[in-house]
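Naming convention: chains lettered A, B, ... in sequence-line order (proteins, then strands); numbering from 1 in each chain. Source: prediction; values computed, not measured.
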There are 2 protein chains.
Amino acid sequence: MRELETAEHRFIEAMGLYFERRGGTRIGGRIYALLMLAGEPLSNKRIAELLKVSAASVSTNLRACADMGLVEPASVPGDRQHYHVIHSQGWEGKLRVAEESLSAFARICAEALAVPRLAGNRSLREASAFCDFYKAELTGIAERWRAAHAPRPPRPDKTSKGRTA
Amino acid sequence: MRELETAEHRFIEAMGLYFERRGGTRIGGRIYALLMLAGEPLSNKRIAELLKVSAASVSTNLRACADMGLVEPASVPGDRQHYHVIHSQGWEGKLRVAEESLSAFARICAEALAVPRLAGNRSLREASAFCDFYKAELTGIAERWRAAHAPRPPRPDKTSKGRTA
DNA sequence: CAGTCCATTCAGTATTGACTGAACGAAGTC
DNA sequence: GACTTCGTTCAGTCAATACTGAATGGACTG
């Protein structure tokens with residue numbers, strides 16, 4: 001990818017702050033934003049260059065992004081660097097994150113409700129009920145989104161460089 | 001509220017960690033959990049005692065919880081302390097939080113899309129589309145939840161102490 | 001098989017920010 | 001109107017952790 005211009009830096013920094021605020025890391029957000037903008041596979045090295053951060057940080061944060069399902073590995077024929085692209089089903093990933101967060105919350109409540117003395121607590125019961133409701137809704141959302149956007153089969157008019165899984 | 005027992009401490013600490021992990025503060029989560037368990041209005045002072053934290057911290061975190069719509073003020077007749085309870089529509093609040101986070105993300109993308117050079121970016125457009133879709137779904141969820149649970153009019157059999165808005 | 005080029009891991013550093021104690025201000029009581 | 005009793009604000013401290021540079025380990029090349 002070419003060097004970054006002002007508007008792109010703005011986007012990248014904004015995303016960095018967004019990530020930071022939500023409990024992630026700033027560089028994680030920057031990498032994610034950069035890959036969005038790139039539209040093509042980028043190597044660790046190139047990411048470090050463009051973002052002006054250490055290779056170590058790129059490696060760590062890239063792994064975190066991958067674990068969150070935001071980014072996935074790619075490879076470029078004839079190049080042994082590690083490449084990365086935005087995860088193709090990234091948006092469902094966002095739903096998955098919401099689902100995991102909700103499940104963690106539900107688990108905490110369920111554990112408390114298992115204690116006899118707390119089993120009758122109103123807030124706890126409502127929390128639990130809401131979690132069940134919300135979880136069901138989330139799967140519905142995922143299905144509707146998939147139905148509306150996923151069935152489009154991958155068209156061959158990608159940017160330029162070939163990409164493989 | 002009476003002193004806390006082991007199971008309650010477990011719940012409170014778990015919620016503290018949950019908040020911390022999601023970008024909030026540990027004490028914020030503990031206060032939230034405590035008010036859930038209490039089921040009655042609690043004063044700043046009592047919260048500080050039960051949680052063994054400074055009054056300053058209680059004040060600060062309580063405000064944060066209120067800003068997030070998790071907690072709301074209450075008052076007890078004949079007592080000039082400030083009381084607090086779990087927000088009665090707290091679950092819609094959880095949806096509102098999700099909505100705000102999503103909107104922040106959407107705003108960042110929209111700002112980038114406003115730049116001519118980036119307007120055609122595929123990931124950016126998909127992100128924007130997903131945000132619109134998700135936001136619509138969230139309002140749908142809120143409505144369905146309200147329809148299923150809110151129409152129950154407030155019954156007068158509250159715990160013991162009176163509570164006013 | 002030596003040499004190069006990667007990415008990753010680890011220890012160290014520096015920044016951030018959550019929490020505390022003390023000062024301040026407000027509201028109510030005698 | 002002095003005194004008490006709160007809650008909030010502010011400066012300071014301390015712990016957590018994001019990031020860096022150096023060392024390590026793999027994978028490919030000649």
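Atom CD in A:Glu49 sits about 15 Å away from atom P in D:dT20, given to the nearest Å. Between the CG atom of B:Asn44 and the P atom of D:dT9 there is a distance of 12 Å, given to the nearest Å. For the pair A:Arg26 CZ and D:dA16 P, the interatomic distance rounds to 21 Å; values are reported in whole Å. The separation between A:Ile47 atom CD1 and D:dT20 atom P is 14 Å, rounded to whole Å. Taking atom CZ of residue B:Arg21 and atom P of nucleotide D:dT17, one finds them 12 Å apart after rounding to whole Å. Here D:dT5 presents its P atom at 11 Å from CD of B:Gln81, a figure rounded to the nearest Å. Taking atom CG of A:Asp79 as the reference point, atom C1' of D:dC28 lies 12 Å away to the nearest angstrom. The interatomic distance linking A:Leu62 (CG) with D:dC19 (P) rounds to 13 Å, in whole Å.
Counting any heavy atom pair closer than 4.0 Å across all strands shown, B:Val53 reaches sugar-phosphate atoms only and no base atom.
Below 30°, between 30° and 60°, or above 60°: for A:Phe19 and A:Tyr32 the angle between ring planes is between 30° and 60°, a tilted geometry. The aromatic rings of B:Phe105 and A:Trp91 sit perpendicular to each other, their planes meeting at more than 60°, with 30° as the lower class boundary.
Comparing A:Arg80 and A:Lys52 along DNA chain D, the residue whose closest nucleotide (by nearest heavy atom) sits nearer the 5' end is A:Lys52. Residues A:Thr60 and B:Ser57 each lie close to DNA chain D; by heavy-atom proximity, the contact nearer the 5' end of the strand is made by B:Ser57.
Running 5' to 3' along DNA chain C, contacts with non-hydrogen atoms of chain B at under 4.0 Å begin and end at C:dA18 to C:dG28.
Of the side-chain N and O atoms in A:Asn61, one or more sit less than 4.0 angstrom from OP1 or OP2 of D:dC19. Side-chain N/O atoms of A:Ser54 include none lying less than 4.0 angstrom from OP1 or OP2 on D:dG21.
Proximity of a side-chain donor or acceptor of A:Glu143 to a complementary backbone N or O of A:Gly140 within less than 3.5 Å is not detected.
A salt bridge links B:Arg46 to B:Glu3: at least one charged side-chain nitrogen sits closer than 4.0 Å to a carboxylate oxygen. Using a cut-off of 4.0 Å between Lys/Arg side-chain N and Asp/Glu carboxylate O, A:Arg122 and A:Glu126 are scored as salt-bridged. A salt bridge between A:Glu100 and A:Arg96 is present, with a side-chain N of the basic residue lying under 4.0 Å from a carboxylate O of the acidic one.
Note on A:Leu118 and B:Met1: same hydrophobic cluster, where clusters join Ile, Leu, Val, Met, Phe, Trp and Tyr whose side-chain heavy atoms are under 4.5 Å apart, directly or indirectly.
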